[in-house]
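To keep things clear, I will list the structure first and then write my remarks on it.
We name chains A, B, ... by the order of the sequence lines, and we start the count at 1 in each one. For the numbers below, each heavy atom of this structure counts, side chains included, while hydrogens, waters and symmetry mates do not.
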Amino acid sequence: MSSTTHDHDLSHGAPDAHGDHAHAKPGFVRRWLMSTNHKDIGTLYITMSIIGACVGGMLSMIMRQQLMYPHNTIITNGNEWNAIITAHGLIMIFWFVMPALIGGFGNWFVPMMIGAPDMAFPRLNNMSFWFLVMGFIFVMLGLTLGQGAGAGWTLYPPLDNAQYSPGVATDFSLFSLHLAGISSLLGAINFIATILNMRAPGMTMHKMPLFCWAILVTAFLLLLAIPVLAGAVTMLIMDRNFGTSFFEPAGGGDPVLFQHLFWFFGHPEVYIMILPAFGIISHVVSTFSKKPIFGYLGMAYAMVIIGFVGFVVWAHHMFVSAISDDSRVYFEVATLVIAVPTGIKVFSWIATMWGGSIEFKTPMLWAIGFIFLFVIGGATGVVLANAGLDQELHNDYFLIAHFHYVLSMGAAFAIFAGFYYWIGKMSGHPYPEFWGKVHFWTFFIGVNLTFFPQHFLGLAGMPRRYPDYADAFAGWNFVSSVGSIISGVSTMIFFYILYRIFTSKEQLADNYWGEGATTLEWAVPSPAPHHTFEDVPVIR
Amino acid sequence: MKSGIRWAVGAALLLVCGAHLALAQAVPADPLAAADAHVVAPHNWELWFPESGSPMMAKIDWLMQYVLWIMFGVVAFVGVLMGYVMWRFSAGRNKVPSHVTHNTLIEVIWIVIPTLLLAVIIIPSLNLIFYEGDDSNPYMTVTVTGHQWYWEYSYNAVPGLDYTSYMIPDDQIDVAKGQIRRLSVDHPLVLPVGEKIKFDITSGDVLHGFYLPSLGVQKYAIPGTIQTSWTLITKPGTYYGQCNQICGLGHDAMPIEIKAVPMADYLAWVKQAQADYTDNAVPPSPASSPLPANELADATTH
């Protein structure tokens with residue numbers, strides 16, 4: 001986006017090479033448990049997301065094994081099944097995608113990209129991370145205690161109230177959302193303060209890298225959506241434990257109110273997961289096409305528009321719940337409007353590649369895979385946005401296929417794109433290119449094989465959240481389960497790549513991607529020193 | 001036209017009664033036989049919707065094809081464009097990258113064309129919403145109540161005709177009788193063909209989903225609220241549906257089975273059902289639950 005002038009030496013590699021700014025090298029406990037450094041906290045977040053992905057991914061492997069054949073007996077108890085699907089949804093969203101994209105890459109690269117020495121509130125940053133860890137412990141207790149928390153990640157009452165989900169498991173799950181919510185809220189405040197106040201001189205908002213725009217919009221979505229979730233969850237906890245009846249028809253409450261509150265949070269949450277992905281894809285596409293991003297302002301404001309409109313479409317999740325025909329019309333049209341700014345993003349990425357000199361390194365493969373598969377997920381999204389069609393497709397496997405195309409192939413592909421793009425900057429070591437490509441292709445085949453046949457299952461009418469199904473659904477379920485095994489093997493390859501990276505002796509240069517990589521993180525050494533931009537860089 | 005239908009129904013009723021009197025001593029034929037002849041169940045390796053059993057589903061099917069073809073076009077266009085860009089502008093083929101970052105015309109085009117495409121989708125789509133929502137002037141209304149884990153059907157016009165419908169447990173499925181594992185129930189919902197049937201859908205406990213994929217009907221069953229939907233089954237047959245909103249451990253064990261029969265057979269069935277069901281109303285008993293005893297104990301002890 002912009003080049004830099006440096007009036008200071010950025011070549012120091014060790015954290016303590018910076019004269020009297022340097023601290024004594026911190027011990028393990030001090031460095032990792034009491035960290036206030038944005039890079040260390042980013043690393044902690046990425047570690048959390050890897051743990052979350054493993055747990056959530058293993059749950060999905062169990063689910064796919066159960067569904068491989070009809071009348072399977074891996075899971076014989078419906079409560080166990082419901083606890084597993086609930087935990088899979090919550091963990092993948094709150095402890096895999098969000099910590100990777102926002103806490104992980106956001107913490108690592110937003111301060112560096114805007115030329116700030118750290119986040120605005122470093123201690124708050126640390127607190128925000130540890131709230132998330134506590135939340136993870138709680139959600140695991142929700143999975144394992146008693147009969148488990150099994151109302152689905154959407155937590156709809158009355159199934160989630162004290163009568164139908166007795167025991168502490170559901171309370172732990174609900175409190176885990178409070179903890180993850182506080183974590184996200186504090187993180188959002190931190191990102192907003194950092195981005196609005198700590199940009200280097202000369203870096204106007206309209207020169208700011210798109211990843212920072214993405215995180216800024218995401219942070220505002222979190223700031224406005226999380227309190228609504230917190231309210232809904234608090235009311236549910238009150239209904240469960242203190243005899244209120246916010247959502248209890250017998251006491252004058254309304255279960256539909258919870259659905260409105262949940263999706264007022266839940267729909268922006270979808271964009272919370274995908275906007276940072278958009279940001280990463282823009283950088284990767286621009287870098288490997290060796291071209292500046294096409295239509296920068298359009299790209300930035302498309303995200304702002306998606307953020308705004310994302311707040312007024314929530315009831316498209318409730319087309320078969322209690323809303324009127326007129327509301328169905330409004331929510332359908334408003335939802336479809338989002339296709340336009342999303343189209344701007346997709347076509348601008350392709351226009352960025354147009355005329356470029358494209359190198360198909362591993363991050364670029366993930367980015368191209370992202371764009372194409374996200375378009376497929378977006379197309380089925382347009383189908384589902386039709387309220388009249390949703391009456392047929394709501395809650396069946398067509399929907400499952402749709403949202404895994406935008407998440408398991410959208411958000412997850414962007415996370416891997418970002419990982420391969422930045423791991424050299426974070427670790428100082430290169431990833432093995434060959435194995436990176438093997439990882440991409442195996443994962444690409446695995447997830448497509450898993451989720452594409454689910455469109456057919458949905459059309460045939462298979463409902464979601466079923467541990468056993470009519471024998472006529474067996475064929476595509478088998479294919480889908482085979483796909484999940486391939487994705488599982490692919491993930492093993494990823495761990496082998498991690499091993500190769502951290503045992504590598506090779507050291508990377510500052511800007512190992514060359515002319516295409518123009519943002520500020522490429523102006524500092526690899527690995528990025530403990531403190532960067534303590535002297536403020538000036539942006540021309 | 002409505003009164004014509006009423007007359008026809010009345011005439012049919014008289015005919016049925018007459019026939020019944022004439023055959024008073026004979027064993028009555030199975031009034032649901034017509035439904036067994038035409039079973040609309042999912043097929044393995046299905047690629048599309050189940051066979052449409054109602055005008056509503058036919059409209060959904062049409063709109064789905066319409067929207068999906070447009071979206072196929074969009075995906076194919078993006079795919080071909082990306083394929084071309086990847087081939088034409090690979091580093092090997094194009095050594096010197098351009099630095100074009102703006103082109104107002106193309107940016108306007110990629111806003112205008114998608115907007116027009118959306119308009120093309122929205123117009124027929126909104127008609128479908130109001131069609132689906134128009135439950136006026138039904139021939140009859142059935143109140144459907146979801147329970148953990150069975151359905152209850154109450155025929156509003158037939159006093160006392162109110163019965164429960166449980167899935168047939170896996171180990172009692174009789175394939176010879178045409179029963180389908182996970183879809184067949186002990187007491188199906190019986191409806192006349194060719195008439196508009198309104199459903200008043202509610203729940204006795206948690207949320208459930210009343211989902212009939214071959215008829216294009218789906219609504220949540222919500223306690224404290226009555227949601228309405230409707231259908232008009234065009235052809236005698238057996239149609240299946242399933243609960244489609246998570247409702248606890250038996251969520252996958254409360255299917256819906258509909259036997260749609262000609263009016264005369266329906267009326268014969270009503271007479272028979274009134275005798276069978278009203279006096280010994282079927283209470284939900286653990287004995288008839290499809291769930292294993294240990295699971296049920298698990299669920300009910302709390």
May I ask you to name which of A:Leu336, A:Val346, A:Asp160 has the most heavy-atom pairs under 4.5 Å with chain B?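 Of the options given, most contacts go to A:Leu336.
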
Name the member of A:Pro292, A:Gly343, A:Ala387 that forms the most heavy-atom pairs with chain B at distances under 4.5 Å.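 Between A:Pro292, A:Gly343, A:Ala387, the count favours A:Pro292.
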
Parallel, tilted or perpendicular, judged at 30° and 60°: which one describes the rings of A:Tyr466 and B:His251?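 Judged by the thresholds at 30° and 60°, the geometry between A:Tyr466 and B:His251 is perpendicular.
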
Can you tell which of [options] has the highest number of heavy-atom pairs within less than 4.5 Å of chain A?
options                             : answer
B:Lys59, B:His43, B:Met56, B:Met82  : B:Met82
B:Trp110, B:Phe210, B:Phe49         : B:Trp110
B:Val78, B:Leu128, B:Ile129         : B:Ile129
B:Val74, B:Thr225, B:Ile222         : B:Ile222
B:Gly241, B:Pro255, B:Pro50         : B:Pro50
B:Gly92, B:Ser98, B:Ser229, B:Ala41 : B:Ser98

Check whether [X] gets within reach of chain A through its side chain, its backbone, both or neither, counting any heavy atom under 4.5 Å.
X        : value
B:Leu183 : side chain
B:Asn127 : neither
B:Ile106 : side chain
B:Tyr131 : neither
B:Tyr66  : neither
B:Gln245 : both
B:Ile60  : both
B:Lys219 : both
B:Asp205 : both

Say you draw a straight line from [atom1] of [X] to [atom2] of [Y]; how long is it, rounded to the nearest 0.5 Å?
X        : Y        : atom1 : atom2 : result
B:Met86  : A:Ile358 : CE    : CD1   : 7.5 Å
B:Leu68  : A:His455 : CG    : NE2   : 9.0 Å
B:Phe130 : A:Arg328 : CZ    : CZ    : 9.5 Å
B:Met64  : A:Glu392 : CE    : CD    : 8.5 Å
B:Gln218 : A:Asp390 : CD    : CG    : 7.5 Å
A:Asp396 : B:Gln242 : CG    : CD    : 10.5 Å

Under 4.5 Å between any side-chain heavy atoms of A:Pro70 and B:Arg181, yes or no?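 Heavy-atom side-chain distance check passes, below 4.5 Å.
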
Verify the ring-centre separation between B:Trp45 and A:Phe478: is it less than 6.0 angstrom?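 Here the rings of B:Trp45 and A:Phe478 have centres that are no less than 6.0 Å from each other.
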
Are A:His394 and B:Tyr211 near enough that their ring centres are under 6.0 Å apart?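 No, the ring of A:His394 stays outside the 6.0 Å limit from the ring of B:Tyr211, centre to centre.
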
Check [X] against [Y] and note the closest heavy-atom contact, atom names and distance.
X        : Y        : answer
B:Glu46  : A:Phe456 : O-CB, 3.3 Å
B:Pro97  : A:Ser289 : CB-O, 3.9 Å
B:Gln148 : A:Leu159 : NE2-CD1, 3.9 Å
A:Tyr164 : B:Gly204 : OH-O, 4.4 Å

When you measure from the side chain of [X] to the backbone of [Y], do you find a donor-acceptor pair of N or O atoms at a distance under 3.5 Å?
X        : Y        : value
B:Asn94  : A:Gly356 : yes
B:Gln227 : A:Val320 : yes
B:Asn244 : A:Pro463 : no
B:Asn44  : A:Gly475 : yes
B:Asp252 : A:Asp468 : yes

Before giving the answer on side chain to side chain contact (heavy atoms under 4.5 Å, CB included), spell out for B:Glu107 and A:Phe294 the whole-Å C-alpha distance, their side-chain angles and the decisive distance to 0.1 Å. CA-CA 10 Å; B:Glu107 290 181 64; A:Phe294 186 95; 3.8 Å; yes

Candidate pair A:Val340 and B:Ile111, rule side chain to side chain contact (heavy atoms under 4.5 Å, CB included), full reasoning: CA-CA 6 Å; A:Val340 175; B:Ile111 290 173; 4.0 Å; yes

